[in-house]
Amino acid sequence: MLFARRSDWNARKPDNGHEPVKTNKGVKVHYTGTRYEPWLEQHALCAMRVRNIQDEHMDGKGDADIDYNLLVCRHGVVFEGRGAYAQNAANGNKELNRAHYAVCALTGSGGYTDVPKKMITGIQDAIAYLRRHGSGWEIAGHRDGYPTQCPGDLLYGHVLNGSLDPGVLWDGGNHIVTDGETLGKISVKYNVPKDYIIMANPDELDSSGKVKAGMKLWIPARGVPLKGADPTPDDDATEFQPFPGAKWFHDEPNSPIITAMGERLVAEGCGHYTKGPGPQWSDADRESYAAWQRKLGFAGAKADGWPGETSWEQLRVPYVGQTPGDFEEFPGKEWFHTEPKSRIITAMGKRLVAEGCGHYTKGPGPQWTEADRASYAAWQRKLGFNGAAADGWPGEYSWDRLQVPEDDD
Ligand SMILES: [Zn+2]
Ligand SMILES: [Zn+2]
């Protein structure tokens with residue numbers, strides 16, 4: 001398993017010791033219950049999200065520590081919360097907290113609501129780890145025994161269908177590859193994911209995972225942290241939003257960059273929002289930004305709440321996948337329903353194809369067709385939308401993420 005210990009994600013110290021738990025009935029599964037912005041997808045941002053959750057539980061709820069025993073991101077990394085042998089504060093009340101460990105999947109109630117395959121593997125790992133540390137066999141949802149939506153219908157479906165169960169736990173050992181064996185077969189035989197076997201054998205295997213007869217492989221134990229794996233690459237791997245220019249803010253933009261900025265301001269303790277942060281620039285953004293400028297030591301006109309380059313660079317706003325000005329603005333929902341013929345439709349189609357969402361038999365071309373709609377629906381699903389939110393009619397959020405170039409021939 002890929003395990004990020006508290007020191008790996010820069011956890012704060014708990015306010016007091018946790019009540020010990022030696023054994024219990026099993027694990028309860030949770031989700032974050034908040035919106036997960038698709039632009040927060042880079043793994044380098046997952047540690048920041050876990051820190052934010054810890055802040056919320058300690059500062060917002062007054063709890064001694066992050067409430068969960070373990071957390072799992074969509075990249076399959078298991079983050080150590082209170083860890084094993086500790087009573088959590090997530091399941092609803094003391095009795096429930098003692099009866100089951102709490103594992104939180106970092107999937108949301110909006111935005112990214114899906115449960116990717118790597119996350120399922122990570123939840124299995126978390127459960128395997130806890131079973132090696134006193135957990136009983138049960139796997140249930142937060143909603144079992146406590147009135148809540150958590151962990152959401154999709155994840156709860158996985159609780160019910162058994163896919164989160166890690167199965168028989170391999171304890172680690174060597175394997176000599178026989179004739180005709182593939183990594184896939186070995187993975188099934190030991191119930192250890194292929195990626196982990198590749199990571200545990202850097203001298204024998206490359207990322208293709210091609211094995212040869214006679215090869216001696218180390219098959220790592222399930223539910224035990226992999227040695228030498230780097231579960232939390234440094235901030236160097238994080239891309240930040242370049243300064244959009246002072247003028248851009250004065251035009252009162254509506255952009256995911258403003259949401260990302262707001263989230264960072266809140267994380268820095270500078271939030272002056274009554275709701276949000278959201279994409280529309282408002283006085284609350286300006287007030288919050290002024291607090292950030294004061295925090296940096298600026299005063300007077302230099303702390304007027306209008307972002308400048310120096311304070312922006314220091315805020316380290318995660319890159320949201322676009323830079324203002326270079327892309328076609330959202331033409332409005334109604335426009336697409338008029339079945340337009342426009343170079344914008346061609347440019348959109350090319351971007352859909354580039355994203356692997358093309359459902360064109362010919363084209364794309366300037367005339368809006370059912371093929372455009374089918375392709376756009378694939379894009380919406382790729383962003384994690386489903387149902388009516390993935391009906392193929394462009395909305396502003398998915399449009400901004402698509403980044404349709406303004407000047408496409
Ligand atoms: Zn929950
Ligand atoms: Zn991650």
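Because only heavy atoms are used, hydrogens play no part in the values below, and waters and symmetry mates are left out as well, while side chains stay in. Atoms within a ligand are numbered from 1 in the order they appear, just like the ligands themselves.
- Annotation: cation-pi pair R82/Y68 absent, no NZ/CZ under 6.0 Å from the ring centroid and within 45° of its normal.
- Nearest to the Zn ion (ligand 1), among the N, O or S atoms that H30 has, is ND1.
- Annotation for K350 and P364: closest pair N-CG, 3.6 Å, computed over non-hydrogen atoms.
- Seen from the Zn ion (ligand 2), atom ND1 on H75 and atom SG on C46 lie at an angle near 100° (rounded to 10 degrees).
- Rounding to the nearest 10°, we obtain 110° for the angle at the Zn ion (ligand 2) between C73 SG and H43 ND1.
- For a distance bound of 2.8 Å, the N, O or S atoms of H142 include one lying that close to the Zn ion (ligand 1).
- Taking the centre and axis of the six-membered ring of Y289, the NZ or CZ atom of R264 falls outside the cone set by 45° and 6.0 Å.
- Cation-pi geometry between R49 and Y36 is met: the NZ or CZ atom falls under 6.0 Å from the ring centre, inside 45° of the normal.
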